[in-house]
Amino acid sequence: QVHIVESGGGLVQPGGSLRLSCAASGSVSSIYVIRWYRQAPGKQRELVATITSGGSVNYADSVKGRFAISKDNAKNIVYLQMNSLKPEDTAVYYCNVDVSYGSAYWGQGTQVTVSS
């Protein structure tokens, strides 16, 4: 069992930055893939960034060069650093965790709004 809590969202102007946090608790040793998704109003949820337990990362084309996913193993936190934010980045951002025994866990989401 893994409990996920996202935080760090808020209102930011275009060109600004935010850092989202995905904090995990419970059976954290079983986690092998962590993904950030986002869902904008009227749109499907889309994959933004991925990090594996080994540290491999991947990004959606729309955020490459602007977003960076990282992890702090000691704190069991995965971050999504978002720079050069655009209005089209506005969405609810969710952290998704895959564990070795086959279950997936989601946090509650955190709202990111990019607006002048």
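Since we're looking at a predicted model, the values are computed, not measured.
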Identified side chain to side chain contact (heavy atoms under 4.5 Å, CB included) partner of Leu18 from the options Asp89, Val112, Thr113: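 Considering Asp89, Val112, Thr113, a side chain to side chain contact (heavy atoms under 4.5 Å, CB included) with Leu18 is found only for Val112.
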Identified side chain to side chain contact (heavy atoms under 4.5 Å, CB included) partner of Val28 from the options Val99, Val97, Asn76: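 That would be Asn76; it is the only one of Val99, Val97, Asn76 passing the side chain to side chain contact (heavy atoms under 4.5 Å, CB included) with Val28.
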Crowding at CD, Glu88 (>12 non-hydrogen neighbours, <6.0 Å):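 More than 12 within 6.0 Å, yes.
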Can you name the nearest heavy-atom pair linking [X] to [Y], along with the distance?
X	Y	result
Leu80	Ala49	CD1-CB, 4.0 Å
Tyr101	Ser30	CE2-OG, 3.4 Å
Tyr94	Gly107	CD2-O, 3.9 Å

Do [X] and [Y] belong to the same hydrophobic cluster, where Ile, Leu, Val, Met, Phe, Trp and Tyr are linked whenever their side-chain heavy atoms lie under 4.5 Å apart, directly or via other members?
X	Y	answer
Tyr79	Ile4	no
Ile31	Ile69	yes
Leu20	Val57	yes
Val92	Met82	no
Leu47	Val33	no

Report the distance from atom [atom1] of [X] to atom [atom2] of [Y], rounding to the nearest 0.5 Å.
X	Y	atom1	atom2	result
Phe67	Leu85	CZ	CG	5.0 Å
Thr52	Asp98	OG1	CG	11.5 Å
Asn96	Arg45	CG	CZ	8.0 Å
Ser103	Gln1	OG	CD	8.0 Å
Ser17	Asn83	OG	CG	3.5 Å

Backbone N or O of [Y] within a donor-acceptor pair of the [X] side chain at under 3.5 Å?
X	Y	result
Arg19	Gln81	no
Gln108	Glu6	yes
Lys75	Ala23	no
Thr110	Ser7	no

Check: Pro14 and Lys86 side chains under 4.5 Å, non-hydrogen atoms: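 Of all side-chain heavy-atom pairs linking Pro14 with Lys86, none is under 4.5 Å.
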Heavy-atom side-chain contact between Pro87 and Ser115 under 4.5 Å: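 Pro87 does not reach Ser115 side chain to side chain.
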Working for side chain to side chain contact (heavy atoms under 4.5 Å, CB included), residues Ser116 and Gln13: CA-CA 5 Å; Ser116 298; Gln13 293 185 335; 5.6 Å; no
Thr50 side chain to Asn58 side chain, donor-acceptor N/O pair below 3.5 angstrom: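 Distance-only check fails for Thr50 and Asn58.
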Side-chain donor-acceptor pair present, Tyr93, Arg38, cut-off under 3.5 Å: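 Yes - a donor-acceptor pair under 3.5 Å links their side chains.
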Pair Asp61 + Lys64: basic N to acidic O under 4.0 Å: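 The answer is yes: the pair qualifies as a salt bridge.
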Ring centers of Tyr37, Trp106 separated by less than 6.0 Å: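 Close enough - the centres of the two rings lie under 6.0 Å apart.
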